[in-house]
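So the structure is just underneath, and the comments pick up after that.
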Amino acid sequence: MGLRRRATDIWIEPFSSRELEVLQLLSDGFSNREIAEQLFLSVETVKWYNKQMFLKLGVNSRIQAANKAAELNLLQSKRLNPSQTKRRKSGNLPAQLSSYVGREKEISEVKDLLGDNRLVMLTGAGGSGKTRLALQVAEVSHGRYPDGIWLVELAKIRDPGLVIPAIANVLNIPGKPDADISVVLKRELSQLNLLLVIDNLEHLLDSAQQIAELLAAAPNLSVLGTSRERLHIYGEQEYPVQPLSLPDLGRGLTGNELKEIESIALFIQRAKAINPGLSLNGGSLECIARICVQLDGLPLAIELCAPMVKIFPLSEIADRIESNL
């Protein structure tokens, strides 16, 4: 690789492709840690690259390096606007406030399905835990999608025609007055390798063809969707989400065996967040088992019921639910 002339006609050493990548991110305002996460490097390695680049550019700081890079047009062929570069960093998945309980088998299976299918739909009844399962699969899939994993929440949208603008908005892709936003979005996605987690599609099934067109236009786009029913488009892989595992009340399970059952484990975790001193003796666990069975193992129902332990004894909660049902 030959040497490169800069604006002052002084010859400088050439940059490697990795150095240019680091320089690009540095110029766009990323910290050393963010650059390390983006390029899958250690922070110490990024610092080493910085020293090498500073030496080649004849500068002593990040600001000077960014200014000199702009002056020399070193990044002209790869230059992105700052919002687009930031958009590609990692995604927008929300931080979860509580640990995830169970579903190890489902997480593994859905992750494997995403490896073989570009459109996977998690289907199931309301409250069955589709959204949380999708987010958990997304969390363990980081590193597979260089341009990030992006959550598109559609619960508040009622018009199928707004699905494409919602996706563009999440990805920070601006519309243009004289351009169809779907055309702009397809063009942008065609250059990216990312996962869209599209949540709550059941009331927007008429947008299915638009999603199919995005997938056709972007060969490295994958979609993990949640809905009460499938989209019925070509290439769709459905994964029915079942309720959490339930105890067999007639088997006489031990306390330890009951605690291992997913629905009971979820109830205990959420109840203890409200009442850390909750007793878990044999009688208490039997009451929790009754509650979970009455709630059909639906995660949402369990999460809504568990805080009642702050007001009522477990036996009364079980009786109240049974009476109401």
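We number each residue from 1, following the sequence as shown.
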Hey, is [atom1] on [X] packed in by over 12 heavy atoms from elsewhere, all under 6.0 Å?
X: Glu316; atom1: CD; value: yes
X: Arg62; atom1: CZ; value: yes
X: Arg251; atom1: CZ; value: no

In the single-linkage hydrophobic clustering (I, L, V, M, F, W, Y; side-chain heavy atoms under 4.5 Å), do [X] and [Y] co-cluster?
X: Leu133; Y: Leu246; result: no
X: Leu151; Y: Val120; result: yes
X: Leu214; Y: Val184; result: yes
X: Leu249; Y: Leu295; result: no
X: Leu304; Y: Val293; result: no

Hey, what do you get for [atom1] ([X]) to [atom2] ([Y]), rounding to the nearest 0.5 Å?
X: Ile107; Y: Asp112; atom1: CD1; atom2: CG; result: 12.0 Å
X: Ile157; Y: Leu201; atom1: CD1; atom2: CG; result: 10.0 Å
X: Glu238; Y: Leu231; atom1: CD; atom2: CG; result: 9.5 Å
X: Arg290; Y: Leu285; atom1: CZ; atom2: CG; result: 13.5 Å
X: Met121; Y: Arg230; atom1: CE; atom2: CZ; result: 9.0 Å
X: Asp296; Y: Gln242; atom1: CG; atom2: CD; result: 12.0 Å

Does any part of the side chain of [Y], heavy atoms only, come nearer than 4.5 Å to the side chain of [X], both counted from C-beta?
X: Glu21; Y: Tyr49; value: no
X: Leu196; Y: Val170; value: no
X: Asn275; Y: Lys310; value: no
X: Lys272; Y: Ile268; value: yes
X: Leu154; Y: Val152; value: yes
X: Pro247; Y: Ser263; value: yes
X: Glu202; Y: Asn200; value: yes
X: Pro94; Y: Leu135; value: yes

Answer yes or no: is there a donor N or O on one side and an acceptor on the other, between the side chain of [X] and the main chain of [Y], under 3.5 Å?
X: Ser207; Y: Gln210; result: no
X: Lys68; Y: Phe54; result: no
X: Ser108; Y: Lys105; result: no
X: Gln64; Y: Asn60; result: yes
X: Arg118; Y: Gly235; result: no
X: Arg144; Y: Lys111; result: yes
X: Asn117; Y: Leu119; result: no
X: Ser284; Y: Ser279; result: yes
X: Gln269; Y: Ala265; result: no

Tell me whether Glu262 is salt-bridged to Arg103, with the criterion being a basic N under 4.0 Å from an acidic carboxylate O.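 Answer for the salt bridge query: no.
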Looking at Lys56 and Glu19, is there a salt bridge between them, counting it only when a charged N and a carboxylate O are closer than 4.0 Å? yes
Closest approach of [X] to [Y] (non-hydrogen atoms, all atoms of both residues):
X: Leu26; Y: Ala66; value: CD2-N, 4.3 Å
X: Phe267; Y: Cys305; value: CE1-SG, 4.1 Å
X: Pro165; Y: Ile181; value: CG-CG2, 4.3 Å
X: Asp199; Y: Thr131; value: OD1-OG1, 2.7 Å
X: Ala69; Y: Ser27; value: CB-OG, 4.2 Å
X: Pro219; Y: Ser190; value: CD-O, 4.4 Å

Could you check Val137 against Leu122 for side-chain contact (heavy atoms from CB on, under 4.5 Å), going step by step and ending with a plain yes or no? CA-CA 11 Å; Val137 171; Leu122 305 184; 5.7 Å; no
From CA spacing to verdict: side-chain contact (heavy atoms from CB on, under 4.5 Å), Phe15, Leu57: CA-CA 10 Å; Phe15 285 79; Leu57 292 170; 3.7 Å; yes
For side-chain contact (heavy atoms from CB on, under 4.5 Å), just list the numbers for Trp150 and Leu194, CA-CA rounded to whole Å, side-chain angles, deciding distance to a tenth of an Å, and then say yes or no. CA-CA 8 Å; Trp150 302 88; Leu194 56 79; 4.1 Å; yes
Using the side chain to side chain contact (heavy atoms under 4.5 Å, CB included) definition, which of the options Leu280, Ile288, Ile302, Leu244 pairs with Ile264?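 Among Leu280, Ile288, Ile302, Leu244, the one that satisfies the side chain to side chain contact (heavy atoms under 4.5 Å, CB included) with Ile264 is Ile288.
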side-chain contact (heavy atoms from CB on, under 4.5 Å) assessment of Thr123 paired with Arg228: CA-CA 5 Å; Thr123 60; Arg228 295 187 185 184; over 6 Å; no
Answer with yes or no whether the side chains of Asn256 and Thr254 bring together a donor and an acceptor at under 3.5 Å. no
